[in-house]
Protein chains: 2
Amino acid sequence: MTMTNETMAAPEGRGEAGTGTLGKAIAVLEAVVTADGPQRFTDILARSGQPRGTLHRLLSHLVEEGLLIQRRDLSYEPGLRLLTLAYRSWSTNRFRDVAEPHLQRLHELTGETVHLGILRETEIVYVDKVESRQTVRMSSQIGKASPAYCTGIGKAALSLLGQPELEHLLARTEFHPFTSHTHRSAATLLAEVEEIRRDGHAFDREEHEAEIRCVAAPIAIPGSELAAGISVTGPAYRVSMEQLVAWATPVREAARAIAEEAAIRLGPGRSGP
Amino acid sequence: MTMTNETMAAPEGRGEAGTGTLGKAIAVLEAVVTADGPQRFTDILARSGQPRGTLHRLLSHLVEEGLLIQRRDLSYEPGLRLLTLAYRSWSTNRFRDVAEPHLQRLHELTGETVHLGILRETEIVYVDKVESRQTVRMSSQIGKASPAYCTGIGKAALSLLGQPELEHLLARTEFHPFTSHTHRSAATLLAEVEEIRRDGHAFDREEHEAEIRCVAAPIAIPGSELAAGISVTGPAYRVSMEQLVAWATPVREAARAIAEEAAIRLGPGRSGP
DNA sequence: ATAGTAGTTCCATTATTCGGAACTTGATTT
DNA sequence: AAATCAAGTTCCGAATAATGGAACTACTAT
């Protein structure tokens with residue numbers, strides 16, 4: 001259903017163009033990075049909808065920049081440059097740095113996994129994590145993007161937006177029914193956001209993954225326009241809704257503490273209010 | 001010493017141009033991402049050496065693409081798009097996937113930290129890691145780049161290159177004296193690479209960081225031109241050189257096993273040999 | 001008021017990109 | 001062995017987007 005479109009060879013293979021030349025290049029990069037394995041020229045041609053000549057040039061530029069690697073069988077894979085750039089940007093992120101000890105503390109209190117996430121478009125991106133046990137994949141999850149409308153941090157972050165912004169964003173959201181508890185439309189979600197605004201915290205009642213629950217609280221990142229949030233997540237068999245309700249207060253307090261500390265350490269750009 | 005250059009406003013502020021338009025954009029992106037904190041327009045102007053008009057357009061394109069974020073005080077920070085792209089490229093990396101259980105096994109055998117790294121230009125990039133204990137920063141290190149000439153994996157990977165390639169690469173390497181054991185020039189390193197080729201393993205004798213040692217073995221990634229390696233690392237007070245020598249065999253064997261399994265699972269692009 | 005600094009916009013020029021079509025290269029079929 | 005097909009690469013005139021010096025605006029400090 002993602003690309004069963006036919007006949008019309010309109011420039012719609014997938015990724016929406018973007019800002020001129022750079023936009024095209026990044027769209028092609030994303031097409032390769034998003035795919036499962038190495039992609040041959042023809043695969044990318046189909047996924048990106050670019051004309052042959054253009055695509056060929058874009059790919060060779062991306063390879064020259066180290067953003068892609070070309071294998072011996074001519075197929076393309078993500079290059080290492082991306083990983084290095086991301087590492088640098090992650091390790092110098094001051095907001096994450098401010099939040100870290102608070103996440104740690106929440107983890108010690110609850111014994112469950114704690115996340116820090118930031119809203120980007122209709123998704124929330126996980127930026128840090130303190131795990132309950134060394135779960136199989138280390139470091140996994142960081143950089144992962146999940147839909148905002150069905151995750152605790154996502155809904156908490158949405159509650160920070162102004163109503164017009166929020167509605168515009170939900171209009172662009174596709175409501176995929178992950179579980180039987182997942183919101184089916186903007187209507188019910190909008191009602192819940194009202195509650196979240198009032199309570200100062202949000203729950204994920206197995207909306208994204210069955211058997212997984214969380215409590216989250218929003219954080220407005222000082223100095224940016226960004227909406228973020230933190231959450232405590234656990235498996236349903238171990239963490240009851242009552243337990244989550246009890247944890248809501250410490251989660252809210254941690255969020256407030258992070259916002260406060262961030263306001264001081266990275267807050268007012270140069271001038272005051 | 002990084003930018004005390006004067007008078008001549010030559011296009012040399014820092015990052016070397018790159019491939020046309022995309023190259024410039026990525027160079028600017030890197031300038032921001034590499035910096036410590038948020039960068040104001042003027043800071044980037046100095047670091048990138050681009051003309052004002054050009055830089056301004058480049059930056060706004062990068063912001064539109066989500067690769068940079070502009071704060072309220074107008075300064076620029078790395079955006080979240082980079083993290084998401086890197087996460088996708090990391091989590092679908094088949095070579096890492098093949099190597100992972102072998103790293104785990106090496107960790108169980110030695111009790112020390114195990115790394116997987118890939119050579120990129122004159123640096124090795126850490127792609128996976130199994131830690132001895134939950135060291136402060138989680139997931140840290142992944143995506144980090146260290147000089148090849150003074151790290152175990154780096155030197156192991158170098159030993160896979162042909163002599164002309166190796167020499168060309170070392171010509172571009174700057175030999176920074178991190179510790180008293182760090183190679184000071186290509187000459188001594190070339191001699192050591194000979195040994196590494198013969199032995200099949202490399203040591204880091206506190207060459208990058210004082211009090212840190214490791215044994216490493218090289219892996220040629222099948223299907224790519226890439227040179228990689230794995231290592232076991234530990235603090236000098238706990239891990240003697242004798243201990244490292246004893247671990248050399250299992251490390252070499254793990255490397256061989258990874259190479260073999262990789263050759264089957266991601267090896268011959270489409271045709272045979 | 002005045003000078004200075006930081007960021008933004010303008011626009012004629014120029015260099016890049018664009019993309020259809022022709023051209024290799026290598027495998028598969030008749 | 002010739003013919004067909006598929007995949008990737010190269011070409012080049014036309015179109016477009018990038019270029020960058022200079023003028024402009026908004027603040028701040030003097």
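Hydrogens, waters and symmetry mates play no part in the numbers below; they use all other heavy atoms, side chains included. In what follows, chains carry the letters A, B, and so on, assigned in the order in which the sequence lines appear, proteins first and then strands, with residues in each chain numbered from 1. Quantities reported herein were computed from a predicted structural model and do not represent experimental measurements.
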Open item on the list: Expressed as a whole number of angstroms, how long is the span from Asp73(A):CG to dT25(C):C1'?
Closed with: 16 Å
TODO: Measure the CZ-CG distance between Arg81(B) and Leu85(B) for me, rounded to the nearest 0.5 Å.
DONE: 5.5 Å
Open item on the list: Under 3.5 Å, is there a donor on one side chain and an acceptor on the other for His61(A) and Arg57(A)?
Closed with: no
Open item on the list: Rounded at 0.5 Å granularity, tell me how far CG in Leu170(B) sits from CD in Glu167(B).
Closed with: 7.5 Å
TODO: Apply side-chain contact (heavy atoms from CB on, under 4.5 Å) to Ala259(B) and list each qualifying residue two or more places apart in sequence or on a separate chain.
DONE: Ile219(B)
Task: Contact pattern, 5' to 3', of nucleotides 9-24 of chain D - B, S or - by protein heavy atom under 4.0 Å - done: BB------SSBBB---
Task: Gap between atoms CZ and P, on Arg72(A) and dG8(D) respectively (whole Å) - done: 17 Å
TODO: Could you walk me through whether Leu83(B) and Val127(A) pass the side-chain contact (heavy atoms from CB on, under 4.5 Å) test, one step at a time?
DONE: CA-CA 8 Å; Leu83(B) 210 57; Val127(A) 168; 4.3 Å; yes
Open item on the list: Measure CG/Leu45(B) against P/dG7(C) and give the value in whole Å, please.
Closed with: 9 Å
Task: His176(A) atom NE2, neighbour heavy-atom count above 12 within 6.0 Å - done: yes
Task: Spacing between Leu59(A) atom CG and dA7(D) atom P, to the nearest angstrom - done: 16 Å
Open item on the list: For the helix from dA1(C)-dT30(D) to dT30(C)-dA1(D), what angle separates the axis at the start from the axis at the finish, each from five pairs, in steps of 10°?
Closed with: 30°
Task: Rounded distance (nearest 0.5 Å) linking atom CG of Leu158(B) with atom OG1 of Thr151(B) - done: 8.0 Å
- [ ] Return yes if a side-chain donor-acceptor contact under 3.5 Å exists between Tyr76(B) and Gln70(B), otherwise no.
- [x] yes
